Amino acid sequence: MPLNIFKLAVLVSGRGSNLQAIIDSIERKELNVRLSIVISSTKDAPALKRAEKHGIETVFIDPATYPNKKAYDKALIDKLEEIPIDLICLAGYMRILGEEFIQTFSGKIINIHPSLLPAFPGLNAQKQAVEYGVKFSGCTVHFVDEGIDSGPIILQTAVPVYDYDKEGSLSQRILEQEHHLYPKAIKLIVENKLSLNGRTVAHKKS
Ligand code: GAR
């Protein structure tokens, strides 16, 4: 393993299908990175099993064993700084990261969200989209800042919402696009193809 290989951490809380898409892209050699660690905030997250199956180091950091969110985030920071990590990918990570964490890894945290942000931030984005009656929703990969799903947008894919859609059917169609979009966004960062101007992410000319 070359010393200067780009190192990723993925933070998860549940199913881990986006984590799987990242692992698959690495194994297909589309992404030239080392997935150094998968950290879960949930003990029995299926995402942990997926990572273990591919020989990736996993850690469960139990929120119940820390007195507050700040202390929990500090444990996360310490773990990530041990490695150290070039990029932190949130993939279905359902805790809100505090200011100290965001500042420590400023510009190095990205998230995938199942809507066309800034529409429908927060929980149950697909349900929000169906209930609102939008004709298109989709998914967004964005840098993480101190707000909820509010950081600079890297890539988006639009997905049509059909009259017959329920939360489940729309979620499934969006998820398929997430699995393409997240590795693509990671690749742009790894290859240093992005520049940030204010809240605008531009693609560098090659
Ligand atoms: C994905 O749809 C992701 O966009 C969403 O959780 C799901 C996780 O699935 N994230 C959020 O809603 C964050 N606000 P996965 O565990 O199978 O990747």
Side-chain angles (χ1 to χ4, degrees), residues 8-27 31 33 35 37-54 56 58-61 63 69 73 76 87-98 101-102 105 109-132 134 136-161 165-187 189:
L8 280 192
V10 179
L11 270 53
V12 296
S13 301
R15 179 178 53 188
S17 71
N18 276 292
L19 166 69
Q20 187 70 55
I22 296 168
I23 293 172
D24 292 347
S25 295
I26 296 169
E27 293 191 346
L31 267 181
V33 302
L35 178 37
I37 192 163
V38 171
I39 303 180
S40 177
S41 60
T42 313
K43 184 161 188 260
D44 297 319
L48 289 173
K49 295 270 173 316
R50 291 182 191 262
E52 282 158 15
K53 226 168 120 184
H54 293 265
I56 297 159
T58 60
V59 189
F60 161 53
I61 304 186
K69 197 163 102 65
D73 280 6
L76 277 183
L87 184 68
I88 299 162
C89 303
L90 311 185
Y93 183 69
M94 290 321 213
R95 288 175 61 87
I96 292 164
L97 293 162
F101 188 96
I102 309 278
F105 300 109
I109 316 166
I110 61 173
N111 180 42
I112 186 149
H113 183 76
S115 76
L116 289 180
L117 290 170
F120 313 127
L123 293 176
N124 307 316
Q126 305 94 330
K127 182 164 182 272
Q128 292 184 58
V130 169
E131 287 177 359
Y132 197 92
V134 292
F136 281 92
S137 190
C139 46
T140 303
V141 178
H142 64 92
F143 285 108
V144 174
D145 65 8
E146 273 99 350
I148 307 281
D149 301 321
S150 59
I153 290 170
I154 301 169
L155 289 176
Q156 294 187 301
T157 301
V159 171
V161 183
D165 264 327
K166 301 268 187 292
E167 180 186 1
S169 56
L170 179 61
S171 300
Q172 188 52 42
R173 210 167 327 107
I174 292 175
L175 193 63
E176 282 168 27
Q177 296 306 319
E178 292 184 40
H179 296 162
H180 297 292
L181 196 68
Y182 214 1
K184 207 165 146 189
I186 295 168
K187 192 173 167 73
I189 295 171

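All ligand and atom numbering here is 1-based and tracks the order in the structure. Remember, predicted model here, so these are calculated numbers, not experimental data. Positions are given from 1 along the sequence.
- Nearest protein neighbour of atom 10 (N) of ligand 1, counting heavy atoms only, is Ile112 O, 3.7 Å.
- Of all atoms in ligand 1, numbered sequentially from 1 with element shown, those under 4.0 Å from a heavy atom of Glu178 are 1 (C), 2 (O), 3 (C), 4 (O).
- Within the 4.5 Å cutoff, the side chain of Ser137 has no heavy atoms near those of the Gln126 side chain.
- Residues Gln172 and Glu176 form a side-chain contact, since some pair of their non-hydrogen atoms from C-beta on lies under 4.5 Å apart.
- The protein non-hydrogen atom at the shortest distance from atom 7 (C) of ligand 1 is Arg15 NH2, 4.0 Å.
- The shortest contact between atom 16 (O) of ligand 1 and any protein heavy atom is with Gly16 N, 2.8 Å.
- Shown are Lys49, Arg50, Glu52; of these, the side-chain hydrogen bond (donor to acceptor under 3.5 Å, both in side chains) with Thr58 is made only by Glu52.
- For ligand 1 and Ser17, the ligand atoms under 4.0 Å from any heavy atom of the residue are 15 (P), 16 (O), 17 (O), 18 (O).
- Between Pro114 and Glu178 there is a side-chain heavy-atom pair separated by less than 4.5 Å.
- Scanning all protein heavy atoms for the shortest distance to atom 12 (O) of ligand 1 gives Pro114 CD, 3.4 Å.
- Residue Asp145 comes nearest to Ser150 through the heavy atom pair OD1-OG, 2.6 Å, listed as atom of the first residue, atom of the second, then distance.
- Annotation: atom 14 (N) of ligand 1 to nearest protein heavy atom, His113 ND1, 3.1 Å.
- Evaluated by nearest non-hydrogen atom to atom 8 (C) of ligand 1, the leading choice among Cys139, Ala45, Gly92 is Gly92.
- What you find for Leu11 and Tyr93 is that their closest heavy atoms are O-CB, 3.4 Å.
- Heavy-atom minimum distance, Asp149 versus Leu117: O-CD1, 3.4 Å.
- Ligand 1 does not have Ala47 within reach: every non-hydrogen atom of the residue lies 4.0 Å or more from it.
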